[in-house]
Amino acid sequence: MDIIHSVTDLRERLQREPNNVFVPTMGNLHRGHIELINIAKPRAACTVVSIFVNRLQFGPREDFDKYPRTLTADCEKLRAAGVDVVFAPDEGEIYPEPQTYTVEPPDIQHMLDGAVRPGHFRGVATVVLKLFNMVRPHSAIFGKKDYQQCLVLNNMVRQLALPIDIILAETVRAQDGLALSSRNSYLTPEERKEAPRLYAMLCKARDELSAGAHDYQRVELDVMADLAHHGWKPDYIAVRRQADLLPPENGEGKLVVLAAARLGRTRLIDNIEVERE
């Protein structure tokens with residue numbers, strides 16, 4: 001496994017490969033990331049994983065400085081998973097000058113997580129496009145836990161005619177249902193016991209919608225009230241259309257329930273898809 005820190009060295013290394021598949025990460029890897037790699041490996045001769053904590057997608061009062069950086073442990077996990085190339089640049093390599101050219105997603109960037117984190121999806125789209133241009137993969141793997149991010153990036157690739165297949169992987173969960181996330185390490189032991197409630201309430205909402213519930217606002221408020229009763233501070237609970245995250249009309253068949261809520265100092269996100277006749 002090659003660990004590379006510069007764009008020049010990365011491009012030189014990848015010239016030897018007939019094709020590659022790409023898994024972008026911010027590091028502090030867990031089982032969910034390894035599952036993305038397992039999905040990636042059969043798709044190309046070379047599997048590339050990037051590790052880069054992207055300042056552009058963090059707000060001024062968010063956790064950029066304290067986000068866990070565990071490169072040595074990450075590389076051990078990636079070597080065991082059979083990754084071929086790890087691209088671990090520093091900030092000056094990705095942004096050698098102020099990034100005045102950015103990718104500006106459409107209105108989807110301002111709803112849900114984008115409403116709570118202004119500029120977040122601009123930062124995500126900009127760094128992912130830069131990484132795509134550096135790695136030049138034929139396919140890239142993203143997890144559905146960041147559902148809104150997946151839509152933003154999928155739409156970017158389609159509208160900019162990038163020759164990349166976006167593969168979306170199902171959310172990997174702990175046995176109690178909690179979606180795996182690097183930020184789970186922020187939870188106290190007591191909070192970790194409470195954290196599975198988020199997914200449990202999403203499952204309850206899914207079951208109601210699958211049974212024919214059309215009062216979407218009531219479903220949202222019920223989940224929000226339950227979380228608040230147990231000490232959570234919800235940012236949003238939203239029933240939306242899978243295709244574009246707009247509010248659904250009666251009779252919509254493909255829905256998704258998305259949630260973001262704070263438990264103590266930790267902000268957790270999750271979602272669950274709903275398919276109904």
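Keep in mind the model is a prediction, meaning the values are calculated, not measured.
- Here the side chains of F87 and F52 are not in contact, with every heavy-atom distance at 4.5 Å or above.
- Looking at heavy atoms from C-beta onward, V124 lies in side-chain contact with L153 at the 4.5 angstrom threshold.
- Closest approach of F64 to V53, counting heavy atoms only: CE1-O, 3.6 Å.
- Within the 4.5 Å cutoff, no side-chain heavy atoms of R136 are placed close to those of L14.
- Residues P105 and V152 meet the side-chain proximity criterion, which asks for heavy atoms closer than 4.5 Å.
- When all heavy atoms are compared, the tightest approach of P68 to Y186 is CD-OH, 3.4 Å.
- Under the 4.0 Å criterion applied to side-chain N and carboxylate O atoms, D176 and K193 are not assigned as salt-bridge partners.
- Other residues, nucleotides and ligands place no more than 12 heavy atoms under 6.0 Å from the CD atom of Q217.
- No side-chain donor-acceptor contact under 3.5 Å links K145 to the backbone of V172.
- Atom CG of L71 and atom CD1 of I3 lie 6.5 Å apart (nearest 0.5 Å).
- Minimum interatomic distance between V256 and R241 (heavy atoms only, all atoms of both residues): CG1-O, 4.1 Å.
- When atom types are taken as modelled, the side chain of T47 and the backbone of V83 share no donor-acceptor pair closer than 3.5 angstrom.
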**OP:** For side chain to side chain donor-acceptor pair (under 3.5 Å), just list the numbers for E17 and N20, CA-CA rounded to whole Å, side-chain angles, deciding distance to a tenth of an Å, and then say yes or no.
**Re:** CA-CA 7 Å; E17 300 295 342; N20 72 76; over 6 Å; no
Original post:
Going through the checks in order, is the side-chain contact (heavy atoms from CB on, under 4.5 Å) test met by L10 and V135?
Top reply: CA-CA 7 Å; L10 176 71; V135 178; 4.0 Å; yes
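- When all heavy atoms are compared, the tightest approach of N28 to S182 is O-OG, 3.0 Å.
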**OP:** Would you sort out whether V48 and C46 count as a side-chain contact (heavy atoms from CB on, under 4.5 Å), showing the intermediate values?
**Re:** CA-CA 6 Å; V48 182; C46 178; 4.0 Å; yes
**OP:** Would you please test K204 and E208 for salt bridge (charged side-chain N to carboxylate O under 4.0 Å, His left out) and show each step?
**Re:** CA-CA 6 Å; K204 182 175 181 292; E208 290 186 28; 2.9 Å; yes
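- Residue R16 comes nearest to R13 through the heavy atom pair NH2-CD, 3.0 Å, listed as atom of the first residue, atom of the second, then distance.
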Original post:
Checking side chain to side chain donor-acceptor pair (under 3.5 Å) for the pair E252/Q242: CA distance, chi angles, key distance, verdict?
Top reply: CA-CA 10 Å; E252 296 277 358; Q242 291 181 20; over 6 Å; no
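- Hydrophobic cluster membership differs between V23 and L131, with clusters built from Ile, Leu, Val, Met, Phe, Trp and Tyr side chains linked at under 4.5 angstrom.
- Using a distance-only test at 3.5 Å, with no hydrogens or angles considered, no donor-acceptor pair links the side chain of N271 to the main chain of D146.
- There is a side-chain donor-acceptor pair under 3.5 Å between S6 and D9.
- Side-chain atoms of D74 come within 3.5 Å of backbone N or O of L29 as a donor-acceptor pair.
- In terms of modelled atom types and a separation under 3.5 Å, the side chain of D226 and the main chain of D222 share no donor-acceptor contact.
- In terms of modelled atom types and a separation under 3.5 Å, the side chain of N184 and the main chain of R192 share no donor-acceptor contact.
- With H33 contributing its side chain and H30 its backbone, the two residues share a donor-acceptor pair below 3.5 Å.
- Here the CE atom belonging to M1 is positioned 9.0 Å from the CD atom belonging to E76, to the nearest 0.5 angstrom.
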**OP:** Start with the C-alpha gap between Y199 and L178, add the side-chain angles, then the distance that decides, and say whether side-chain contact (heavy atoms from CB on, under 4.5 Å) holds.
**Re:** CA-CA 6 Å; Y199 181 60; L178 177 64; over 6 Å; no
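- How far CG of L268 is from CG of L227: 10.5 Å, rounded to the nearest 0.5 Å.
- Note on F142: it clusters hydrophobically with L162, by side-chain heavy-atom contacts below 4.5 Å among ILVMFWY residues.
- Between Q57 and R122, the closest side-chain pair of non-hydrogen atoms is not below 4.5 Å.
- Side-chain N/O atoms of E273 and Y147 include a donor and acceptor closer than 3.5 Å.
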**OP:** List the steps and the verdict of salt bridge (charged side-chain N to carboxylate O under 4.0 Å, His left out) for R197 and E194.
**Re:** CA-CA 6 Å; R197 181 179 303 278; E194 170 63 21; 2.5 Å; yes
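- Side chain of Q148 to backbone of I108: a donor-acceptor contact under 3.5 angstrom is found.
- T126 OG1 to Y95 OH: the interatomic distance, rounded to the nearest 0.5 Å, is 6.5 Å.
- Atoms CG and CD1, on L209 and I272 in that order, are 10.0 Å from each other to the nearest 0.5 Å.
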Subject >> From CA spacing to verdict: side-chain contact (heavy atoms from CB on, under 4.5 Å), L255, Y216 >> reply: CA-CA 11 Å; L255 305 175; Y216 305 127; 4.2 Å; yes
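- Using a 4.5 Å cut-off on side-chain heavy atoms (C-beta onward), L202 and R206 make no contact.
- In the hydrophobic clustering of ILVMFWY residues, with side-chain heavy atoms under 4.5 Å counting as a link, M156 and L168 come out together.
- Hydrophobic cluster membership is shared by I39 and V86, with clusters built from Ile, Leu, Val, Met, Phe, Trp and Tyr side chains linked at under 4.5 angstrom.
- Between I4 and V85 there is a side-chain heavy-atom pair separated by less than 4.5 Å.
- The neighbour count for E12 CD, taken as heavy atoms of other residues, nucleotides or ligands under 6.0 Å away, does not exceed 12.
- Looking only at distances, a side-chain donor or acceptor of T188 sits under 3.5 Å from a matching main-chain atom of E191.
- Heavy-atom neighbours of R43 CZ from other residues, nucleotides or ligands within 6.0 Å: at or below the threshold of 12.
- Side chains of Q109 and E104 form a contact here, defined as non-hydrogen atoms less than 4.5 Å apart.
- L198 contributes atom CG, which lies 5.5 Å from atom CG of D270 (distance to the nearest 0.5 angstrom).
- Connection of Y236 to V274 is not established within any shared hydrophobic cluster, with ILVMFWY side chains joined at heavy-atom distances below 4.5 Å, either directly or through further cluster members.
- Partner of D63 under the salt bridge (Lys or Arg N to Asp or Glu O under 4.0 Å) criterion, chosen from R267, R117, R183, R265: R183.
- When the shell of 6.0 Å around CG of D107 is examined, it contains 12 or fewer heavy atoms from other residues, nucleotides or ligands.
- Remark: side-chain polar atoms of H5 are paired, donor with acceptor, to backbone N or O of A88 under 3.5 angstrom.
- Considering every non-hydrogen atom in both R276 and A213, the closest pair reads NH1-O, 2.9 Å.
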